[in-house]
Participant: 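If you scroll down you'll find the structure; I have some questions about it.
Note on naming: letters A, B, ... go to the chains in the order of the sequence lines (proteins, then strands), and numbering restarts at 1 for each one.
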Amino acid sequence: MENTTLISIEGLRKDFPTSGGRFTALNGIDLKIGKAEFTGIVGPSGSGKTTLLNIIGSLDSPSEGRVMVLGQSISDLNVKQAALLRRSKLGFIFQSYNLLPVYTVFENVEFPLLLLKLDDSHRRKMVMDTLDWLGLTDKAKSKPAQLSGGECQRVAVARAMVKRPEIVLADEPTANLDAANSHNILKTMVRLNNEFQTTFIFATHDDKVISYLKRKISLIDGKVLKDEITNN
Amino acid sequence: MIRFLLKGILRDKQRSLLPVIVVTIGVMLTVVLYCWLTGILNDSVELSARFSAGHVKIITAEYEKNINQMPNDLALTGVDTLMLKLKNEFPEIKWGQRIHFGGLIDVAGSNGETRAQGPAIGFGIDLFSGDPSEKERFNLAKSLHRGRMPIQPKEILMSEEFSRKLNINPGDTVTLIGSTMYGSMAMFNYTLCGTVIFGAGPMDQGSVVIDLEDVRKALDMNNAASEIVGYLPDNYYNEEKVDKLVIKFNKLFPKSEDKFAPIILTLRQQNDFGKMIDQIKQIGGFMVLIFVFSMSLVLWNAGLLGGLRRYTEFGTRLALGENYSHIYRTIIYESLLIGIIGSISGTFFGLLISLYMQNHGLDLGSIMKNATIMMPAVFHARINTLSFFIGFIPGLISTVVGTALSGIGIYKRKTAQLFKELEA
């Protein structure tokens, strides 16, 4: 585990209202995640891993407890501040890629930089560098519909990485990929983690992903069952 | 960013072309229906204006009190001077003198005794002066059914139905029995030169059209007329213009004690036309309102569905760091753009169709031949100032409101919920 703590979670509880009362998705989570970690939140469906990832990503807020991400308390952020945090410091990778279908690969990757209001030439260079890095230069003008699943997920990784975020949150990133593509994507992520010192946090129950993790946090019924450093 | 979003709209046909087509069709239908109803109202009013009321009518104050009896003993006198003054003061208005009279048409048999007889309503209008205005207002040439138009004095036209009732044909002689302006009996022989079908029930039941000067001779109405009718230059009744005209007329001819002094009546002030105009306007307005509301619901729904379809995109954009309010603003701008383009194109096509219908009309004469009220046989559309804007109510406002409502869902759902929907 690295020294610099990027994420600090204390006594996190998350409840969702249900027709019969409320459902507790996370209950008493305490965690610290440092810079350049390659960490996975692992557990079966319904264990609360996606909820935890959403709260870290400021897409949701805690019911109780304190979650600090890059020095900012998630509970205290208003919607604009949360959007600013996501825009400038966090990258997301989704299970179903969620590329904008009418835009080209270049434009999809460019989108986060547009939100940062970077100038045209700067944007272009950053996008091309990232596409080059992920071996997608020849696909720059293609639309998502013209790409394979593996290529789409590489574009999603490029979109998450193009602004050089401090933290990348990946929710089941290999769920829609075959084994070969899954390994390719994971190797790419490991490379990015090593090269840019970007922190990667996965929510997964896929063994292929787990085999690449350097730290594995196991969740069961909203509680941390085990938090272990792996041999990877 | 704007360029980026514009690219998205242009490339995604479901976000651009489809909504623009839907809005265009909705707006076009709204504009056409509005112009159509306005045209029907205008045609109904104009028919009455052409045959009887004029856009304005000048009569004597006493004549007005008994106008239904057509009291020619109370008619305008010194009409030549009055016409000269009117033409000088209101050069833009088309003026025409008329004599309305009631009488008996008598048809003699071969032995000289009455073979057939019937009450008639007579119209004395200018047929021979060279000015075709009155002939055109009565649409005589097109309404001619048998025979020919009068070409010399002592020739008359009769409604076809009336001529059948009397069993007479063009070329036959008829006698008009009436009363002169001074109350004595008048009898005058005419030759029936042609029959006409006016396409308006009351006119077709029993009317005759005679040259004004012929009627003057018969009814001893030298330099007199029952009324002087005035028409606005574009031949469409416009209350604002008419009101201005009335104000000016009343300054020129102030109220006096003279029972035979000319007074002016607008079309609205005659024969309950005011009520009729208001009722037709209300019914027309109500129909347009229902249609505009229906189209608004359709386009509102289109805007709503368009917004809902894009929740996945909104979820992604939120995750990438875009603000709720920024996304909301962009979809409103998009719907504004779609609404404006659709409304402009819909209005354009709607006006194009309406213009055609304004010029050519739709002939419903065959299904209205038994009508007993004065209704035109050909219905025209009518384009007015509101025609250019009416389509923007459903086209622009509803599209934007529909989108705005669907967009509220972005706020109501927590970001993470959007993600659950998006991952599903």
Participant: Checking heavy atoms, do the side chain of Lys89(A), its backbone, both or neither come under 4.5 Å from chain B?
Facilitator: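 The answer is neither part of Lys89(A).
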Participant: Drop me the distance from Tyr103(A)'s OH to Leu5(B)'s CG, to the nearest 0.5 angstrom.
Facilitator: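 Reported value, rounded in 0.5 Å steps: 5.0 Å.
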Participant: Where do Phe94(A) and Ala319(B) come nearest, in terms of heavy atoms and distance?
Facilitator: CZ-CB, 3.6 Å
Participant: If you compare all heavy atoms of Val79(A) against all heavy atoms of Tyr324(B), which two are closest, and at what distance to 0.1 Å?
Facilitator: CG1-CE1, 3.3 Å
Participant: Looking at Arg86(A) and Leu318(B), what are the two nearest heavy atoms and their distance?
Facilitator: NE-O, 2.8 Å
Participant: Answer with side chain, backbone, both or neither: which region of Lys117(A) has an atom nearer than 4.5 Å to a non-hydrogen atom of chain B?
Facilitator: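 Looking at Lys117(A), nothing touches chain B.
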Participant: Can you establish whether the number of heavy atoms outside Arg164(A) located under 6.0 Å from its atom CZ is more than 12?
Facilitator: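 Buried by this count: over 12 neighbours within 6.0 Å.
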Participant: Could you tell me which non-hydrogen atom of Lys80(A) sits nearest to which non-hydrogen atom of Asn323(B), and how far apart they are?
Facilitator: CA-OD1, 3.7 Å
Participant: How many angstroms lie between atom CZ of Phe92(A) and atom CG of Leu320(B), to the nearest 0.5 angstrom?
Facilitator: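 Nearest 0.5 Å value for the CZ-CG distance: 8.5 Å.
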Participant: Distance from Phe111(A) atom CZ to Glu322(B) atom CD, nearest 0.5 Å?
Facilitator: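 Result: 4.0 Å between the selected atoms.
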Participant: Nearest heavy-atom pair of Leu100(A) and Glu313(B): which atoms, and what distance?
Facilitator: CD2-CG, 3.6 Å
Participant: With a cut-off of 6.0 Å (strictly less than), are more than 12 heavy atoms of other residues, nucleotides or ligands near NZ of Lys125(A)?
Facilitator: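 At most 12 heavy atoms, drawn from other residues, nucleotides or ligands, come within 6.0 Å of this atom.
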Participant: Distance check, rounded to the nearest 0.5 Å: Phe4(B) atom CZ versus Leu115(A) atom CG?
Facilitator: 8.5 Å
Participant: Any heavy-atom pair between the side chains of Thr104(A) and Arg11(B) that's under 4.5 Å?
Facilitator: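 Yes, at least one pair of side-chain atoms sits under 4.5 Å.
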Participant: Between Glu107(A) and Lys7(B), is the closest basic N to carboxylate O distance under 4.0 Å?
Facilitator: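 Counted as a salt bridge, because a side-chain N and a carboxylate O are separated by less than 4.0 Å.
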Participant: Is Lys143(A) atom NZ crowded by more than 12 heavy atoms from other residues, nucleotides or ligands, each under 6.0 Å away?
Facilitator: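 Result for NZ/Lys143(A): enclosed.
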Participant: Report the distance from atom CZ of Arg3(B) to atom CG of Asp120(A), rounding to the nearest 0.5 Å.
Facilitator: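 Result: 6.0 Å between the selected atoms.
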Participant: Taking OH in Tyr333(B) as the centre, count heavy atoms belonging to other residues, nucleotides or ligands within less than 6.0 Å. Is the count above 12?
Facilitator: no
Participant: Considering residues, nucleotides and ligands other than Asp221(A), do more than 12 of their heavy atoms fall under 6.0 Å from its CG?
Facilitator: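 For Asp221(A), atom CG is not crowded (no more than 12 foreign heavy atoms under 6.0 Å).
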